[in-house]
Structures are given as structure tokens and as C-alpha cells.
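Heads up: the structure comes next, in C-alpha cells.
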Number of protein chains: 2
Amino acid sequence: MEFTKRQQEIINTAIELIADKGIQELTIKNLSQKIGIAESAIYRHFKSKLDILLGILSLFRENKEHMNRQLTEMEATATDKLRHMLLKRFAYFAANRAVAAVIFSEELFRNDHRLSEQVYQIMQDNQQVIIGIITAGQQADEFRDDVSAKEMSFMITGALRLIVTQWRIAEYTFDLEQEGKRLWATIETLVKK
Amino acid sequence: MEFTKRQQEIINTAIELIADKGIQELTIKNLSQKIGIAESAIYRHFKSKLDILLGILSLFRENKEHMNRQLTEMEATATDKLRHMLLKRFAYFAANRAVAAVIFSEELFRNDHRLSEQVYQIMQDNQQVIIGIITAGQQADEFRDDVSAKEMSFMITGALRLIVTQWRIAEYTFDLEQEGKRLWATIETLVKK
DNA sequence: CTATTGTTTGTGAACGTTCACTCACAATAT
DNA sequence: ATATTGTGAGTGAACGTTCACAAACAATAG
């Protein structure tokens, strides 16, 4: 296990704090209070606040790699893979609001080069997976091939991010998964041959 | 004039500071040093730091309303309007990196209800304009009408935002306007009848 | 033209508060 | 008995903001 129980608790609490009120709410004081230990106890588990942020990103990364592995191992048409990926991610964010509030906030991780580098890598990895699916779909004659796979991936990922962001700003007042289905319907119509 | 010379200088310097190193670089001390006046002098022009942030948003809003007014008054096909809007915005961000770094960072404005309300309004206004153009294009038989205008607007705006964000994270190492043209080519191919 | 008054814009020192982090020490678990 | 985990008090630095005060300039009065 990469993180101890306590470390996981700290990371999850940190995500919740950020999700609730933004990055400036993530202080060692708030963190320790929410967990119910003293401030100094935090430093038994992480040597600095930066390491907690790195922990958050490492959790995101693990999660995303798991999703992607599942996806690439899947035996399915490109259309099914793309739909599966999209709807799965909407479902995940719907069930994990705190993560949804943090994961697209690049601003949170600009303090440090290590942080922004991680964010960039996660984004790039993700784009590659989607481009791969679209290209495969084009070669299998499922998707139209008169459009750039890269630009399509910008549109799909961009729409996903924008919808989740608006959902958060609107304080979760619409059904995210349903909106995800609507988005998929449009994508499918646009992209299929 | 809504803002005095000095106020505009403060707002622009604030945008530059945020663009450079993120929100935590925007302190009254850094701001005053960069301008070359004492910290306390800032308070001759804004009664609080929050008002400076509100000033930034008000500048964004003004700018966007100007663009939108220009667009709605334009005599052109929906296709031309959509292309014009998209390329214009890419050009604007290419020429105003500091603004590009700030404008999509909703996280910056989560401190205060007035701030996040403003951000939400700007996003909504923008979406309405794009939905309007697409709907008009569908009615004019320029665009395919078997897709939702709203979902299309998510994809277009989402792609724009994602590309600009990646451009910033990649430290401006690719040609943003060229990428904008590539995006437009894909959008046009997908959406035209 | 000069003296008086007011306004704007600036300054440096200080304010109370919060921040991340440290340390000597105590409790707990193995 | 030793290692792990927790504590409370304390650190210096940074934060936004306020304050008394001064220089510069304009407006007005004699």
C-alpha cells in the first residue's frame, strides 16, 4: 500500500476541504480539526503541506490509470469504448463531488513545478487514450475519418470538463449523469459514419 | 470612465501577477512593489483586495460584452459568425496571455459569493450567444439539426477552454492561433450539413 | 500676487490574525 | 522497552488593513 490509513484519511479530508470552499480552506488547522487531531499530528504523516497535495494528485493518477487499464483491456468496438469511458467518468464525478471539484482546478497545483508537471502528465495521458480510441474507430470504419482525432478529443474532453465545472458552480443542481448521456448522444451522432 | 488610470494600472498588474505565478502571488505587497508605490497607497484606489478581484472580473465582462455586441450586430451567415467568434477569441488570448491565464480559473474567484456569481454569469452569457448562433444556423439549414445546440456549445466552448488551458500549462510553447484554426476546421466539418 | 483651505495621492510604521512548521514531551501499541 | 502516534505551546514570516502624517496640486479669498 502506498499510503497508510491515516495518510489516506488526510488526503481525502484535504480533497473535501478544497471541494467545499476552495484551496484557501485547505490549511493544516482546518485539516487537523476536521480529522480530530492536533495540527502537529499531521506532520507525523506528511512532512509538508506540499506532500499532501502531491498525495492528492497521486491518488487521482492511480484512479485514472485504473480506469484506462480497464478500458484498453476491454474487448469492444471503439464506439462502445468511447461511450463507456465517457459515461463512466460522469458517473464517477456524480458519485465523488469532492473529486470533481478538485480534479479540473489546475490553479490549485501551480505552486510548485512538481505539482503542475503531474497535472500536465495526467492531462496528456488522458488525451492519448481518447485519441487512441478515436483513431481505432476511424480505422475500423466506425467513425468518420475526415476530422482530426486530436481536435475531436479536445472537444470531448473539453465538453466533459466544462459540464462538470458548471455542475459544480451551479452547486450540483442538475443531474450530471443525464447531461452526460445527452452529451454522448450528440458525440455519437456527430462522429459516426 | 469606470476606473481611473491608477485603478486600471492596479487591475492590469494584478492580472499579470496571477498569470505569472498563480493567485497566491497576488498580494498587496507584490502588487504595490510591481507598480512602485507603498502598500498603503493601494488602499487609496481600492477599499479592499476583494474589490480588486471584482475589478478584474468587471474588466473581463466588459470585454466579453463588447465582443458579443459586435457579433450579434454582424451581418453574416451562422458559419461565418461562429468562425469569427472562435478565431477572434483565440487571437485575443494569444495576444493577452495574462488574461488567458486568469479567465478560465474559476478557482480564483471562489472566495466570495459575489465573485463566483460573476463568473457564473459570464459563462452563462457566453453559452447563450453560442447556442443562439448554432440554433440560427440550424434554422437557416447551414448546420445539421439532428444534434443539440446546447451540447454542441459545450463541445465548442469546452475545446476552446481546454486548448487555452493546455497552452498555458505548456508555457505557451505551441501556436495557439494555429491550433484554433485546426479546431475550427474540425468543428466546421462536423457541424455543416 | 499672495495667503488660506481643501483634496488627492502618497508614505512608513504598526495592528491583529493566520499561516506552515518545530519541539519537548506524553500516551499508546507492539 | 521501544517505536509510533499524538499533544500543546511556541516560532518567525506573511497576510490584509489602518493610521497619523506629509507632499503636491488646485480652488478660493483677500
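Residue numbering restarts at 1 for every chain, and letters A, B, ... go by the order of the sequence lines.
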For nucleotides 14-16 of chain D, print each protein N/O atom paired with a nucleotide N/O atom at under 3.5 Å, atom names and distance only.
residue	atom	partner	partner atom	Å
D/dG16	OP1	B/K49	NZ	2.7
D/dG16	OP2	B/I28	N	3.0

Just how far, in rounded Å, is [atom2] of [N] from [atom1] of [X]?
X     : N      : atom1 : atom2 : value
A/E9  : D/dT5  : CD    : P     : 13 Å
B/I10 : C/dG10 : CD1   : C1'   : 12 Å
B/I52 : D/dT17 : CD1   : P     : 8 Å
B/I42 : C/dT11 : CD1   : C1'   : 13 Å
A/Q33 : C/dT18 : CD    : C1'   : 13 Å
A/L17 : C/dA20 : CG    : C1'   : 15 Å

For nucleotides 24-30 of chain C, just jot down a letter per nucleotide in 5' to 3' order: B, S or -, based on protein non-hydrogen atoms under 4.0 Å.
BB-----
Classify the side chain of B/S40 and the base of C/dG12 as holding, or not holding, a donor-acceptor pair under 3.5 Å.
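Indeed, a donor on one side and an acceptor on the other fall under 3.5 Å apart.
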Salt bridge check, B/E177 against B/K181: does any charged N sit closer than 4.0 Å to a carboxylate O?
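No, B/K181 and B/E177 are not salt-bridged.
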A/R110/B/E25 ion pair, N-O < 4.0 Å
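No.
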Nearest atoms (heavy-atom pairs only) where A/I23 meets B/E107:
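Where A/I23 meets B/E107 most closely, the heavy atoms are N-OE2, 3.0 Å.
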List, one per line, each side-chain donor-acceptor pair under 3.5 Å for residues 90-106 of chain B, sequence neighbours excluded.
residue	atom	partner	partner atom	Å
B/Y92	OH	B/N63	ND2	2.9
B/N96	ND2	B/Y92	O	2.8
B/S105	OG	B/A101	O	3.1
B/E106	OE1	B/R161	NH2	3.4
B/E106	OE2	B/R161	NH1	3.4
B/E106	OE2	B/R161	NH2	2.3

A/Q127-B/Q166 side chain donor-acceptor pair, cut-off 3.5 Å
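Per modelled atom types, A/Q127 and B/Q166 side chains form a pair under 3.5 Å.
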Close side-chain approach of B/I187 and B/I156, heavy atoms under 4.5 Å:
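Yes, their side chains come closer than 4.5 Å.
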Report yes or no: do B/I18 and B/L59 belong to one cluster of Ile/Leu/Val/Met/Phe/Trp/Tyr joined by side chain heavy-atom distances under 4.5 Å?
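Yes; B/L59 is reachable from B/I18 via cluster members.
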Hey, mind stepping through B/V119 and B/F60 against side chain to side chain contact (heavy atoms under 4.5 Å, CB included) and telling me if it holds?
CA-CA 10 Å; B/V119 171; B/F60 288 169; over 6 Å; no
List the steps and the verdict of salt bridge (Lys or Arg N to Asp or Glu O under 4.0 Å) for B/E117 and B/R114.
CA-CA 5 Å; B/E117 184 60 28; B/R114 274 174 295 171; over 6 Å; no
Think B/H45 has a side-chain N or O under 4.0 angstrom from the OP1 or OP2 of C/dG10?
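Indeed, a polar side-chain atom of B/H45 lies that close.
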